[in-house]
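One-based numbering, in listed order, for ligands and for the atoms of each. All figures in this text were calculated on a predicted structure; none of them were measured in a lab.
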Amino acid sequence: MSAIPFGVIGVGHLGAVHARLAAGRPEFKLIGVFDVDAARCQEVASACSCKAYSSLASLLEHVQAVSIVVPTEHHFHVAEQAVKRGCHLFVEKPVTANSDQAQELITQTEQAGRILQVGHIERFNPAFQALDGYSLEPLFIESHRLSQFNPRGLDVSVVLDLMIHDIDIVLSLIDAPLDSIQACGVGVVSANEDIANARLEFANGAVANLTASRISAKAMRKMRLFQHNAYLAIDFLEQRTEILHLSQHPVPPDQSAHCIGQIGVGDQTKSIFLHTPGPVACNALEQELKSFAQSITDQTRPVVNGRDGLRALHTAEVILQEMSTRKELAAKKAGL
Ligand code: NAD
């Protein structure tokens with residue numbers, strides 16, 4: 001496989017990491033980077049031994065694939081230009097600023113026969129990947145994504161900033177249409193919601209209860225899944241996974257599980273087996289880029305494609321709408 005000529009557009013906080021990782025991957029040849037901040041562009045180019053381009057158009061002339069890591073409001077405009085120049089796209093999450101743009105970008109990339117991958121990085125978190133091969137049919141999901149205050153990202157609601165990661169994971173796990181959404185959120189420090197909760201109800205009866213905060217004292221990124229005969233806990237931050245599996249047979253299903261007790265009464269008693277699949281430590285962003293290269297080379301569907309990005313974004317938009325309706329109703333009730 002020959003290395004794919006690659007560029008990174010927007011080399012701020014996360015884009016610089018894209019550039020550094022791409023420079024070290026054999027699947028890519030990092031040609032150059034572009035950023036509207038010329039000094040930053042030069043700094044990252046020097047660190048990654050590639051060229052600092054002075055315009056987007058000049059970078060696009062030399063590459064076949066790009067990572068787009070500019071602020072979300074500029075994703076669509078930059079992506080549109082890149083796809084017009086025939087590039088495959090890795091676009092950071094959220095895919096675009098709104099669903100209409102996401103739909104338009106999907107249409108453009110499909111018509112051009114180009115790959116569109118969206119940066120929902122938690123799909124590549126080893127703690128989540130450790131569940132590969134396990135039969136997942138969650139009926140209740142509880143998730144907490146809490147981070148400490150950071151002035152970056154305050155221009156959007158915590159729903160688009162943090163909760164969207166869990167929305168994407170939940171939508172990837174529950175194979176049923178969304179029936180209803182209830183949500184509330186509060187702006188504590190910023191004008192947008194800094195803490196939010198959403199309850200997603202699905203047509204198959206499954207429910208997901210998601211909480212996201214960017215004003216917490218301690219960071220946490222945990223998801224708990226409950227399903228018939230099993231409880232699964234994913235710690236995205238610590239990259240640890242635990243599966244508690246109930247079985248009527250007292251013998252462990254395989255060598256990796258051990259019995260930690262029993263639950264139930266009489267002939268309904270079941271053994272509880274604990275299985276802690278050892279996630280293979282890895283850099284999730286590096287895995288995302290590797291997978292992007294694989295999709296380009298094999299012309300296969302990316303793990304997280306444009307439609308996944310659109311679904312997560314659209315769900316986030318409905319959550320935001322629910323929050324705003326709730327606030328309006330509360331204001332009406334208070335006679336404001
Ligand atoms: P940042 O502000 O640190 O960096 C953005 C960079 O883009 C800046 O250097 C800026 O000068 C440059 N830029 C702005 N407009 C540009 C344009 N039109 N063309 C070229 N360069 C331009 O932001 P960040 O934290 O790195 O976030 C960038 C994107 O990555 C956002 O969409 C954000 O949501 C996403 N992100 C994703 C994750 C994740 O977990 N997947 C984490 C952080 C950020």
Taking non-hydrogen atoms only, is [X] closer than 4.0 angstrom to ligand 1 via side chain, backbone, both or neither?
| X | value |
| --- | --- |
| Ile121 | side chain |
| Glu92 | side chain |
| His165 | side chain |
| Lys93 | both |

In terms of side-chain geometry, is the basic nitrogen of [X] or [Y] positioned less than 4.0 Å from the acidic oxygen of its partner?
| X | Y | value |
| --- | --- | --- |
| Glu201 | Arg199 | yes |
| Arg145 | Glu122 | yes |
| Glu110 | Arg307 | yes |

Would you say atom 34 (O) of ligand 1 touches the protein, meaning some protein heavy atom is under 4.0 Å from it? yes
Working for side chain to side chain donor-acceptor pair (under 3.5 Å), residues Asn197 and Asn209: CA-CA 7 Å; Asn197 174 266; Asn209 186 39; 3.2 Å; yes
Using non-hydrogen atoms of the residue, decide whether His75 is closer than 4.0 angstrom to ligand 1. yes
I'd like to check the side-chain hydrogen bond (donor to acceptor under 3.5 Å, both in side chains) partners of Asp35; sequence neighbours left out, ordered by chain and number. none
What protein heavy atom sits nearest atom 27 (O) of ligand 1, and how far away is it? Val69 O, 4.4 Å
Qualifying ring-ring contact (aromatic ring centres under 6.0 Å, His included) pairs with a residue from residues 23-43, counting only residues at least two apart or across chains: Phe6-Phe28
